[in-house]
Visitor: 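What follows is a single structure, and I will ask about it in a moment.
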Amino acid sequence: MAKIKSQINDEATSQFTSMIDIVFLLLIFFILQPFKAPELKIASDLPKDSGAPSVDTQIRQNITLQINPDPQSEKHAIFMVDGRIVGKSRFQGEAKLAGILKSRSGGQTDTPVSIQAKPNVPFRYVLSALDACYQAGMPDVKWGAPDPSYRPLYMRK
Amino acid sequence: MGAKKGRPDPSEASEGGGFDMTSMIDVTFLLIIFFMCVTEMADSSKSKLKLPAAVKAEIDDEVIPGRLVINILKDGVVEMNQAPYDDASMRQTFKMHHDFGKAAGEAFTNKAVLIRADQDVEYGAVQRVMTHLMDAQIWRIAFSTRDPSFDHDK
C-alpha cells in the first residue's frame, strides 16, 4: 500500500517542471513586452498642383500657421497663427496650439490649415504643428511652397 | 569472455552518453524572448533615427510589400534601404515607384509613402523630399513618429 502511494507522489511531482518553465517564459515575455516602443505614423496629403482649386476651397478661409526659428534659442520655435505670435513651443506645446486653432476656426473643423515653416526650422516643430491640427480635429492641412534656394546641411558643410 | 566483439549496440551508447538538454533549451528560449522584446526587429528599410513625438498618431503595424520608406537623417541626407540618394536618383526612384503603383492598381497607390525624418533635421530637407514626391505625382504620405508616452526623459 505504501509503495503504491509513493509511486503516485513521484508521478505527480515530476510533471510540474515543464509547466513551470512555460509559465516563466510567458511571464518574462509579458513583463518585457511593454518596453518595446511601437513606431507610429501620422498621415497627410501633399497638394496636387494640377487642375484648378475647387470652389469650396476658395470660399473657406484658410488658417495660416507660420513656424519661424527662434533667434534666441535653438530649442524653441515661434508659432504664429494668422500673423499673430501664439508663443514659443517646447515638445509638448501641441495641446495649447490645438486650442488656439480650434477657437480661430470658430468650431468649423473643416477649415484648412496652411502650415508655412521656414526651411531651417527643426522638423519636430512642423510635426508638432501637424499633430496640433489633428488634435484640434482639423486634418485638412496644406503645405507651404518650398524655398528653391534651400540646400541641406550636408551640402553646406 | 565478457567483452563483446563487433559493432556496439546503439541503444547502449544512447543510454550511456545521453545529455539532458532541457535546461539548455530553456535558457535558449529565454535568450530568444529577451532579445525579441528588448531589441527591435532588424529592418533594412529603416535607418536609426530619433523620430519626433506626436500624440495623434496611429500605430504603424501595417505590412505593405513594396512600400517606399524614405529616411531623412539629421544632416539632411536622404536614405532608402540604407543607401544615400541625391536629387536625381530620388526623382528617378519616385517616378519608378509611381509607375509601379499605377500598374499595381488603386489599392497600392492609396497606400502612403512613409517619411521617417529625424526630429532635428531642418524642415527644408523634408520639404525637398516632399517636392520630389509631388513631382512624381505621389500625394499620399505619412510621417513616422514616436509615442511620447514611452519617453523616459520627459
Side-chain angles (χ1 to χ4, degrees), chain A residues 17-18 21 24-26 28-50 67 69 91-92 94-95 98 117-128 130-136 139 143-148 150-157, chain B residues 22-23 25-26 29-30 33-34 36-40 46 50-62 72-78 112 114 116-128 130-131 133-135 137-151 154:
Chain A
T17 322
S18 48
D21 283 349
F24 270 113
L25 285 174
L26 288 170
I28 291 168
F29 181 81
F30 286 108
I31 287 170
L32 291 174
Q33 192 63 18
F35 292 105
K36 192 180 170 187
E39 199 165 297
L40 309 177
K41 67 177 177 186
I42 191 161
S44 181
D45 281 341
L46 293 172
K48 292 180 182 177
D49 51 1
S50 59
I67 311 163
F91 286 95
Q92 304 299 322
E94 299 92 359
K118 289 272 187 278
N120 56 341
V121 165
F123 175 63
R124 63 171 178 262
Y125 295 118
V126 181
L127 200 91
S128 291
L130 181 65
D131 193 20
C133 293
Y134 275 82
Q135 282 188 46
W143 297 100
D147 180 359
Y150 174 79
R151 287 166 66 82
L153 189 64
Y154 77 95
M155 287 184 181
R156 301 199 301 264
K157 274 178 186 172
Chain B
T22 320
S23 37
I25 292 166
D26 283 351
F29 271 112
L30 282 173
I33 289 175
F34 177 79
M36 268 173 67
C37 293
V38 173
T39 61
E40 282 184 32
K46 292 179 177 176
K50 182 146 194 204
L51 297 171
V55 180
K56 278 278 178 183
E58 55 193 45
I59 293 174
D60 183 30
D61 55 357
E62 203 177 2
I72 308 171
L73 311 188
K74 198 176 173 179
D75 56 358
V77 172
V78 176
L114 193 66
R116 297 180 76 252
D118 193 285
Q119 65 168 13
D120 293 319
V121 70
E122 289 179 342
Y123 172 59
V126 182
Q127 243 184 341
R128 177 170 157 248
M130 286 160 73
T131 308
L133 287 169
M134 281 194 288
D135 290 344
Q137 300 184 336
I138 298 171
W139 320 117
R140 307 215 76 180
I141 57 165
F143 296 108
S144 282
T145 68
R146 70 171 199 275
D147 188 345
S149 61
F150 280 88
D151 293 353
K154 273 191 281 191

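Proteins get letters first, then strands, A, B, ... in listed order; numbering begins at 1 in each.
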Visitor: Side chain from CB out, backbone as N, CA, C, O: work out which of these in Ile138(B) comes under 4.5 Å of a heavy atom of chain A, or both, or neither.
Guide: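 Just the backbone, heavy atoms under 4.5 Å.
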Visitor: Test of understanding: with side chain to side chain contact (heavy atoms under 4.5 Å, CB included), list the residues that count as partners of Pro152(A), not counting sequence neighbours.
Guide: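 So Pro152(A) forms a side chain to side chain contact (heavy atoms under 4.5 Å, CB included) with Tyr150(A), Tyr154(A), Met155(A), Arg128(B).
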Visitor: Just so I understand: if I count every heavy-atom pair under 4.5 Å between each of Leu153(A), Ile42(A), Asp147(A) and chain B, which residue has the most?
Guide: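 The option with the most such pairs is Ile42(A).
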Visitor: I'd like to check Tyr123(B) versus Ile67(A) (side-chain heavy atoms, cut-off strictly below 4.5 Å). Are they in contact?
Guide: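 Tyr123(B) vs Ile67(A): side chains apart.
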Visitor: Could you work out, with side chain to side chain contact (heavy atoms under 4.5 Å, CB included) as the rule, every residue matching Pro52(B), not counting sequence neighbours?
Guide: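 So Pro52(B) forms a side chain to side chain contact (heavy atoms under 4.5 Å, CB included) with Phe123(A), Arg124(A), Leu127(A), Gln119(B).
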Visitor: Name the region of Val121(B), side chain, backbone, both or neither, that has any atom closer than 4.5 Å to a heavy atom of chain A.
Guide: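 Both backbone and side chain of Val121(B) come within 4.5 Å of chain A.
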Visitor: Is there a donor-acceptor pair closer than 3.5 Å between any side-chain N or O of Asp131(A) and the backbone N or O of Val55(B)?
Guide: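 Such a contact is found between Asp131(A) side chain and Val55(B) backbone.
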Visitor: Side chain, backbone, both or neither: which part of Asn120(A) has an atom under 4.5 Å from a heavy atom of chain B?
Guide: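 Answer is both: backbone and side chain atoms of Asn120(A) are under 4.5 Å from chain B.
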Visitor: Using a cut-off of under 4.5 Å on heavy-atom pairs, state which of Pro69(A), Ser44(A), Cys133(A) scores highest against chain B.
Guide: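 Top option by heavy-atom pairs under 4.5 Å: Ser44(A).
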Visitor: May I ask you to test the Trp143(A)-Val126(A) pair for a side-chain heavy-atom distance under 4.5 Å?
Guide: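 Counting from C-beta outward, Trp143(A) and Val126(A) do come under 4.5 Å.
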Visitor: For the backbone of Gly144(A) and the side chain of Gln127(B), can you confirm whether one donor and one acceptor N or O come within less than 3.5 Å of each other?
Guide: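 Answer holds: yes.
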Visitor: Under 4.5 Å heavy-atom distance to chain B, tell me which part of Leu130(A) shows up: side chain, backbone, both or neither.
Guide: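 Only the side chain of Leu130(A) comes within 4.5 Å of chain B.
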Visitor: Counting heavy-atom pairs under 4.5 Å with chain A, which one of Leu133(B), Thr131(B), Leu30(B), Val77(B) comes out on top?
Guide: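 The candidate making the most pairs under 4.5 Å is Val77(B).
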